[in-house]
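Below: one structure, written as structure tokens.
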2 protein chains.
Amino acid sequence: MVPDAIPALKSHHPGKDILAETPAYDLIELFFFAYRDFVSDPDRILDEYGFGRAHHRVLHFVSRNPGLTIAELLDILRITKQSLNRVLKELIEKDFIESRMGTSDRRQRLLFATPQGRELALKLAKLQTRRIMRALSGMEPEAKDAVSRYLLSLIDPDSSAHVKHLVFGSEET
Amino acid sequence: MVPDAIPALKSHHPGKDILAETPAYDLIELFFFAYRDFVSDPDRILDEYGFGRAHHRVLHFVSRNPGLTIAELLDILRITKQSLNRVLKELIEKDFIESRMGTSDRRQRLLFATPQGRELALKLAKLQTRRIMRALSGMEPEAKDAVSRYLLSLIDPDSSAHVKHLVFGSEET
DNA sequence: ATTTTATGTCAGCCTTGTTGACATATCTCA
DNA sequence: TGAGATATGTCAACAAGGCTGACATAAAAT
């Protein structure tokens, strides 16, 4: 059923080339399916509020990082300010996020989730946590650490320090 | 910096409730960042062909499962036939995928990647494999298995048997 | 005083998802 | 055989969420 998809790797040089270049189809495809289902949980709830996945991402990171600036948020999401502005404006209008003028630099906007915003963000995070916990249950305790290190290592090395700081706070390695 | 986002879980009942409901922010966020970077690799190459991520997904699963039917592909991707048809038509026109009439059931269309299609699919899979191998290097051998089992368990239980069959072939457990 | 920076906004476009309606060929079953 | 179910294709319209380019403003930095 599955075709010989790696003809170029059959004959030639021995050694690690073969292993290094043999596609890791299992991890590629499992990642796709896992992500597909993982992000689908919040969708139903977001619908009730008239929000989409883009709103979820913004609300999540603002709720997790009170006082986040526009520039920092753009760097996290890797989208343009025009794209961000569209969903952010809606979140502010519907009172899920509040934007205050920066104190030290008054050009900046500091973003904060409102109580309503924090509540929704928490609700969605719990939903995803339930799925994560179900997956981790029945696995050895070291498994969670392995998964965490794997995901971190998948990230672009350029960003990994930044992500580490964002996710774990000011810890090292 | 990080707010007290779980006030509702502080006082009440003892026991596992607290742990079960404390958001797993680390795994939630690492999953987001890892996926963000993981899917970005192929983008540059796809651009050269005038394709997007939707084309990539279709090409990947057809290349991996020669003879796939439209219905099976729709079930994998979880999109509507109209959405699929748009990108599939382009892949066929540009000769990356071939559609043959079913033999046993002539209403069906059996999809096959052309040599050109297989080549592109392989190129993209290798690119993602390089990132995966970089992440796995430096981890214990059991780590890969832990990651694989974790991702599989994240998937909706309804789909997990189907995914298992698709990814690993006709194996059990 | 000038330039740079942080943000906002308008306009238009692209990709990729959606719904609903309808057409065709083929298979299944009574 | 004939009716209905099934697999696919297609048209039209729309929505979400990306993008680019251009331009505006206020505040900081030099």
Side-chain angles (χ1 to χ4, degrees), chain A residues 32 35-36 39-40 42-62 67-94 97-112, chain B residues 32 35-36 39-40 42-62 67-94 97-112:
Chain A
F32 165 75
Y35 196 80
R36 179 194 70 177
V39 298
S40 78
D43 284 352
R44 302 148 219 168
I45 292 171
L46 288 162
D47 254 13
E48 300 168 15
Y49 295 81
F51 292 145
R53 288 176 188 178
H55 301 86
H56 183 196
R57 291 193 284 270
V58 170
L59 179 60
H60 175 93
F61 285 107
V62 169
L68 205 62
T69 66
I70 299 289
E72 286 167 337
L73 193 44
L74 287 175
D75 189 50
I76 289 172
L77 301 174
R78 299 271 180 85
I79 58 178
T80 59
K81 63 177 177 177
Q82 295 90 332
S83 290
L84 171 59
N85 207 262
R86 185 163 40 206
V87 296
L88 183 55
K89 215 188 315 189
E90 289 168 5
L91 284 164
I92 291 173
E93 275 165 12
K94 294 190 183 175
I97 285 182
E98 188 185 349
S99 168
R100 303 184 202 150
M101 191 190 293
T103 48
S104 65
D105 185 337
R106 306 199 311 174
R107 288 171 303 180
Q108 293 182 326
R109 301 288 168 245
L110 307 185
L111 303 173
F112 298 87
Chain B
F32 164 75
Y35 196 79
R36 179 194 71 177
V39 298
S40 78
D43 284 352
R44 302 149 219 168
I45 291 173
L46 289 162
D47 254 14
E48 298 168 15
Y49 294 82
F51 292 144
R53 288 177 188 178
H55 300 87
H56 182 196
R57 291 193 284 269
V58 170
L59 179 61
H60 174 94
F61 285 107
V62 169
L68 205 63
T69 66
I70 301 288
E72 287 167 337
L73 193 45
L74 288 176
D75 189 51
I76 289 171
L77 301 174
R78 299 269 181 85
I79 58 176
T80 59
K81 63 176 176 179
Q82 294 91 331
S83 290
L84 171 58
N85 206 262
R86 186 163 38 206
V87 295
L88 182 55
K89 216 188 315 187
E90 290 169 4
L91 284 165
I92 291 173
E93 274 165 12
K94 294 191 182 173
I97 285 182
E98 188 186 349
S99 167
R100 302 182 202 151
M101 192 189 295
T103 48
S104 63
D105 186 335
R106 307 198 310 174
R107 289 171 302 180
Q108 294 182 327
R109 301 290 168 248
L110 307 186
L111 303 173
F112 298 87

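For the numbers below, each heavy atom of this structure counts, side chains included, while hydrogens, waters and symmetry mates do not. Chain A is the first sequence line, chain B the second, and so forth, proteins listed ahead of strands; every chain is numbered from 1.
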Looking at DNA chain C, which of residues 46-61 of chain A put a heavy atom within less than 4.0 Å of it?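 Here the set is empty: none.
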
So, using salt bridge (charged side-chain N to carboxylate O under 4.0 Å, His left out) as the criterion, who are the partners of [X] when residues are at least two apart?
{"X": "B:R86", "answer": "none"}
{"X": "B:D75", "answer": "none"}
{"X": "A:R100", "answer": "A:E98"}
{"X": "B:R78", "answer": "A:D37"}

If you only use heavy atoms from C-beta on, which nucleotide in D:dA27, D:dC19, D:dC11 is closest to the side chain of B:Q82?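 Closest of the options to the side chain of B:Q82: D:dC11.
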
Specify the separation, in whole Å, of atom [atom1] of [X] and atom [atom2] of [N].
{"X": "A:I70", "N": "D:dA26", "atom1": "CD1", "atom2": "P", "answer": "18 Å"}
{"X": "A:D105", "N": "D:dT30", "atom1": "CG", "atom2": "P", "answer": "12 Å"}
{"X": "B:L88", "N": "D:dT10", "atom1": "CG", "atom2": "P", "answer": "10 Å"}
{"X": "A:D43", "N": "D:dG17", "atom1": "CG", "atom2": "C1'", "answer": "13 Å"}
{"X": "A:R109", "N": "D:dT25", "atom1": "CZ", "atom2": "P", "answer": "15 Å"}
{"X": "A:L91", "N": "D:dG17", "atom1": "CG", "atom2": "P", "answer": "10 Å"}
{"X": "A:Q108", "N": "D:dA28", "atom1": "CD", "atom2": "P", "answer": "10 Å"}
{"X": "B:I79", "N": "D:dA16", "atom1": "CD1", "atom2": "C1'", "answer": "15 Å"}

Reading DNA chain C from 5' to 3', where do the contacts with chain A start and stop? Cut-off is 4.0 Å to heavy atoms.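 Taking any atom under 4.0 Å from a heavy atom of chain A, the span is C:dT5 to C:dC10.
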
Among all residues two or more places apart in sequence or in another chain, which pass the side chain to side chain contact (heavy atoms under 4.5 Å, CB included) test with A:R107?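 Listed in chain order: A:D105.
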
Side chain to side chain contact (heavy atoms under 4.5 Å, CB included) involving A:I92 - partner list, sequence neighbours excluded: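 A:I92 satisfies side chain to side chain contact (heavy atoms under 4.5 Å, CB included) with A:L88, A:I97, A:S99 only.
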
Below 30° counts as parallel, above 60° as perpendicular, anything between as tilted: where do the rings of B:F32 and A:F61 land?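 Correct class here is tilted.
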
Starting at the 5' end of DNA chain D and moving along, which residue's nearest nucleotide shows up first, B:L110 or A:M101?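 By nearest-heavy-atom nucleotide position, the 5'-most residue is B:L110.
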
Using a cut-off of less than 4.0 Å, is there contact between a side-chain N or O of A:T80 and OP1 or OP2 of D:dG18?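 Negative; the distance criterion is not met.
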
Using ring pair (Phe, Tyr, Trp, His ring centres under 6.0 Å) as the criterion, list what pairs up with B:H55, not counting sequence neighbours.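 By the ring pair (Phe, Tyr, Trp, His ring centres under 6.0 Å) rule, B:H55 matches B:F51.
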
Main chain of B:I76, side chain of A:R36: is a donor-acceptor contact present, judged purely on distance under 3.5 Å?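 It does hold such a pair.
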
